[in-house]
Amino acid sequence: SYSRNAAMGLGRAWDEAVIAAFDADAKAGEDGSTTVTFTSEAAADLDFTAAAITTANVLNIKRKLDEKNGPPEDRHILVSPAGMEQLLKQTTTPNAASADYNTIKALVTGDLDTWVGFKWHITTLLTSATGNVRTCFAWHRDSMGIAVGQNITGKIDPRVDLSYATQVYASMTMGATRVQGEGVIRFTVDEDN
């Protein structure tokens with residue numbers, strides 16, 4: 001259980017670094033001295049707070065990536081649990097929960113794997129802009145870069161100097177950034193809808 005908890009903690013740290021990099025300033029140029037803001041290169045910055053996440057919203061995200069000539073494979077969407085609930089509760093067809101429009105029975109599994117060409121991911125680590133407004137992201141795999149300086153290392157040892165108490169050690173060094181910003185979309189949703 002010690003090693004499992006340490007690995008989960010490092011996994012959360014990894015996820016937090018990637019999520020922060022989606023819309024953070026990136027560096028460009030031969031020597032990395034040029035700052036590139038998210039708004040200057042993003043495929044789109046969309047506001048869906050007026051309604052729940054709908055099929056029309058997802059199709060809009062898809063179209064924005066298509067307009068930037070993003071490859072149709074390896075696309076991902078990251079939403080909060082409330083955002084996924086909104087999508088699965090949608091009753092207007094076509095909808096994600098219907099077996100008529102999806103290869104899986106999403107309400108049976110309570111999960112959505114792939115839909116409208118996106119691999120869906122749920123996380124509680126997304127930031128809240130204000131109140132119940134949550135910032136979510138869609139991206140193409142090649143639009144984000146991750147550098148690993150040190151792979152995950154872990155040790156569990158007794159501490160002789162502390163009456164043989166168990167010491168759990170886990171570390172890693174990594175960073176993330178946008179490398180092709182035109183393949184990243186930020187969108188906000190109101191979790192109360």
Side-chain angles (χ1 to χ4, degrees), residues 7-8 10-24 38 41-128 132-146 148 174 176-191 193:
M8 289 173 57
L10 290 176
R12 277 189 302 278
W14 180 288
D15 292 345
E16 288 169 349
V18 173
I19 290 169
F22 279 126
D23 59 356
F38 175 79
E41 71 170 0
D45 196 1
L46 306 170
D47 182 356
F48 298 141
T49 57
I53 296 179
T54 63
T55 300
N57 296 147
V58 177
L59 291 172
N60 187 7
I61 292 169
K62 178 190 178 313
R63 181 174 55 89
K64 295 293 185 187
L65 283 178
D66 290 343
E67 288 172 349
K68 295 293 184 177
N69 297 316
E73 66 282 338
D74 296 321
R75 291 180 177 184
H76 302 266
I77 288 186
L78 187 63
V79 296
S80 67
M84 179 58 71
E85 179 187 27
Q86 288 177 355
L87 187 63
L88 293 177
K89 284 188 340 186
Q90 179 186 311
T91 57
T92 306
T93 58
N95 60 50
S98 172
D100 293 337
Y101 302 101
N102 205 332
T103 58
I104 63 163
K105 294 182 179 180
L107 289 179
V108 173
T109 64
D111 192 15
L112 188 61
D113 181 58
T114 304
W115 191 59
V116 190
F118 291 97
K119 172 89 172 151
W120 289 76
H121 307 277
I122 302 171
T123 184
T124 58
L125 300 175
L126 294 170
T127 60
S128 175
N132 292 313
V133 175
R134 188 80 50 196
T135 303
C136 304
F137 298 94
W139 74 100
H140 184 273
R141 181 191 64 194
D142 293 343
S143 297
M144 296 299 296
I146 297 174
V148 177
M174 61 83 63
T177 188
R178 283 187 325 279
V179 291
Q180 293 177 349
E182 291 186 342
V184 178
I185 293 176
R186 176 173 61 191
F187 61 99
T188 53
V189 296
D190 187 341
E191 296 184 330
N193 286 332

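Atom set for the values below is all heavy atoms of this structure, side chains included, hydrogens, waters and symmetry mates excluded.
- Every residue was checked against the side chain to side chain donor-acceptor pair (under 3.5 Å) condition with Arg12, not counting sequence neighbours, and none meets it.
- For Val133, the side-chain contact (heavy atoms from CB on, under 4.5 Å) partners are Thr49, Ala129, Thr130, Thr188, not counting sequence neighbours.
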Handout entry: Criterion side-chain contact (heavy atoms from CB on, under 4.5 Å) on Arg178 and Glu41, from CA distance to verdict
Key = CA-CA 10 Å; Arg178 283 187 325 279; Glu41 71 170 0; 2.9 Å; yes
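- For residues 42-69, the set of pairs meeting the ring pair (Phe, Tyr, Trp, His ring centres under 6.0 Å) definition, not counting sequence neighbours, comprises Phe48-Phe187.
- Evaluation of the salt bridge (charged side-chain N to carboxylate O under 4.0 Å, His left out) rule for Glu16 yields no partner, not counting sequence neighbours.
- By the side chain to side chain donor-acceptor pair (under 3.5 Å) test, Asp23 pairs with Arg186, sequence neighbours left out.
- With sequence neighbours excluded, the residues forming a side chain to side chain donor-acceptor pair (under 3.5 Å) with Lys62 are Asp66, listed by chain and number.
- Legend: residues meeting ring pair (Phe, Tyr, Trp, His ring centres under 6.0 Å) with Phe38, ordered by chain and number and at least two apart, are absent.
- Taking the side chain to side chain donor-acceptor pair (under 3.5 Å) definition, one finds that Thr135 meets it with nothing, sequence neighbours left out.
- Of all heavy-atom pairs spanning Ala138 and Ile77, the tightest one is CB-CG1, 3.7 Å.
- The side-chain contact (heavy atoms from CB on, under 4.5 Å) test applied to Ser128 returns Arg134, not counting sequence neighbours.
- Counting only residues at least two apart or on different chains, the ring pair (Phe, Tyr, Trp, His ring centres under 6.0 Å) pairs with a member in residues 63-86 are His76-His121, His76-Trp139.
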Handout entry: Verdict with supporting geometry, Trp14 and Val148, side-chain contact (heavy atoms from CB on, under 4.5 Å)
Key = CA-CA 10 Å; Trp14 180 288; Val148 177; 3.7 Å; yes
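- Every residue two or more places apart in sequence or in another chain was checked for a salt bridge (charged side-chain N to carboxylate O under 4.0 Å, His left out) with Glu182, and none qualifies.
- Heavy-atom minimum distance, Leu78 versus Phe22: CD2-CE1, 4.0 Å.
- Of all non-hydrogen atoms in Phe118 and Ile61, the two that sit nearest each other are CZ-CG2, 3.7 Å.
- Across Thr123 and Pro81, no two heavy atoms sit closer than the pair O-CD, 3.3 Å.
- Pairs passing the salt bridge (Lys or Arg N to Asp or Glu O under 4.0 Å) check and including a residue from residues 46-60, sequence neighbours excluded, do not occur.
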